[in-house]
Amino acid sequence: MAGLRLGPLLRYVDWESGGSATVWIEADRPCTAEVRCADGTQGASRTFQIAGHHYALVPVTGLTPGTATAYDVLLDGRQVWPLEGSTFPASTIRTPDVPSDGVTVSFGSCRWSAAPAGEHDPVGPDALDTLATKLAADPTAARPDVLLLLGDQVYADATSKATQAWLAARRDLSDPPGAEVADYEEYTRLYDESWLDPEVRWLLSTVPSSMIFDDHDVIDDWNTSASWLAEMRTTAWWQERVLSGLMSYWVYQHLGNLSPAALESDELYAAVRAAPDGTDRLRQFAAQADSDPACVRWSYRRDFGRTRLLMVDTRAARVLDEQKRAMLDEAEARWVRDQALEGPGSYDHLLIGTSLPWLLPPLIHDAESWNAALCRGERGGRWARFGEDLRRRADLEHWAAFPDSFGKLTRLIAEAASGEGAPATVCVLSGDVHHAYVAEPLWRDAAQPDARVLQLTCSPVHNSIPRVVRLGFRFGWSRAGRRLGHALARHGRAGRPPVSWHRTGGPWFGNQLMTLTLRGRSAELRLDQARVVGAAGNGRSTGARLVTVEERELTADRDPSHSGR
């Protein structure tokens, strides 16, 4: 008798017709997974097998636009969801009106799994847990139409004590990679720990989600540089780690980003489903993706009515040759450009999801561009060796560390945001840096675009940041920090970026989620933090609530004057 091991996760909900959705599940044995909705619609799919695990992505069609319908999950005809004795409201599939008049998007990144119930949580309440508790307590409360999870959904290189004990029962942790995950089975443990959290499990069953990886999904500073990658490839454990990371990402995160039509035409998905065991076929794909990143595209596009989302892979698509260094390879960069510029006037808001911020605190931006100049030899071999060591120690590998790519993205944003049919806003949505802020650019040698252009950064969902790093980020925005950054850039002969920018909100520190509400050509921003309430909160969602710390209208008239970068 088949049982539900993980899920369900409500992933793709169609915003073009409003009539379809996909639900992801993991079962404990081969079976047929069904989703049956209260309105009579349903879908079914046979599980496929990867490394002894059994998964299904169930398409549900025939849904009525503009409605919400509860659903059950059945395995071989037996109901397994909702869980017996569950106190959560029914999981629902909410479909948009067609055409839709707007969308609400919540986003964030960097989520350690929450501590088990009853245990102290050293990093404070989990923002997703806290959002789930709020929605479960009031099913009529406003909820996001989609969750954008912008990287570090799991931490392969920073495991919990419970997972370390589990790993120790499998192998000797004195052997590399130690207490980090080593293979596919160990990755499944990370997803179990994160997605079996009761509040998060219910939330992901009822709010659609779109995801992209960042470094910790594989390893800290993944693909920092060519020498970093060459060094990793000399280790005995790296090959298995990166292949397992890519395989598990494809199964647990990537598939759910795709529409039913895209899944139907996906050759790898068809091959894996057709095989009695798809492990070898998926492993071949992962090996090819690792050796030749240009052969696969992890980036994707979603249209939510008149809001366009481009979720951009800033990890696996990198070109690491110091003389040709790029955040995106040529084909990937061309795809992003084509998607951003397609159909001018057909969207009111452009969202560019990139785990790494485009606009950093100015000192950090200049430090990274200076470091990139050193590493490519602008100051000679000794400085280049120093620069590589510093790059790894200080995590200097954001957009600013790829100066040509930074310039291309900046010019693309200006082009997409200008001219007849320009959208009302272009927002770059990012995480990674364990704090939240809003920044606004000013083009130096060109007219300001017609659209409001903003960098919106929100991190972490559930993690921490040392006090000294907080102080460093604050200093990075200060005038003294700017002056120090300019000095570094001059030393590296890095040149000036095509834009200056200033911070218009933050920095905010804590476990948090940002929400954009986009209606017509208006855009509103809200930042909510998860905070412990009461005298004896234990860091879990039962003792926490979401507190709104920032709320603003983004499309209101603004002062065109800007402070210098």
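In what follows, residues are counted from 1 in the order of the sequence shown.
In summary, Glu186 and Arg171 engage in a salt bridge, as defined by a charged side-chain N under 4.0 Å from a carboxylate O. Using a cut-off of 4.0 Å between Lys/Arg side-chain N and Asp/Glu carboxylate O, Glu180 and Arg241 are scored as salt-bridged. Using a cutoff of 4.0 Å between basic side-chain nitrogens and carboxylate oxygens, Arg297 and Glu332 are scored as salt-bridged. A salt bridge links Arg315 with Asp214: the closest approach of a Lys/Arg side-chain nitrogen to an acidic carboxylate oxygen falls below 4.0 angstrom. Looking at Asp152 and Arg111, no side-chain N of the basic residue comes within less than 4.0 Å of a carboxylate O on the acidic one, giving no salt bridge. In this structure, Arg393 pairs ionically with Asp389, as a charged nitrogen and a carboxylate oxygen lie closer than 4.0 Å.
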Tyr252 vs Gln153, side chain to side chain donor-acceptor pair (under 3.5 Å): CA-CA, chis, key distance, verdict
CA-CA 10 Å; Tyr252 285 83; Gln153 272 68 261; over 6 Å; no

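The backbone N or O of Gln339 lies less than 3.5 Å from a partner atom in the side chain of Arg308, making a donor-acceptor pair. Between the side chain of Asn463 and the main chain of Val123, no donor-acceptor pair closer than 3.5 Å is present.
Note that Arg306 lies outside the cation-pi zone of Tyr347, set by a 6.0 Å cut-off to the ring centre and a 45° limit from the axis. Under the 6.0 Å distance and 45° angle rule, Arg283 does not count as a cation-pi partner of Tyr184.
Checked by atom type, the side-chain pair Glu193/Tyr155 shows no donor-acceptor distance below 3.5 Å.
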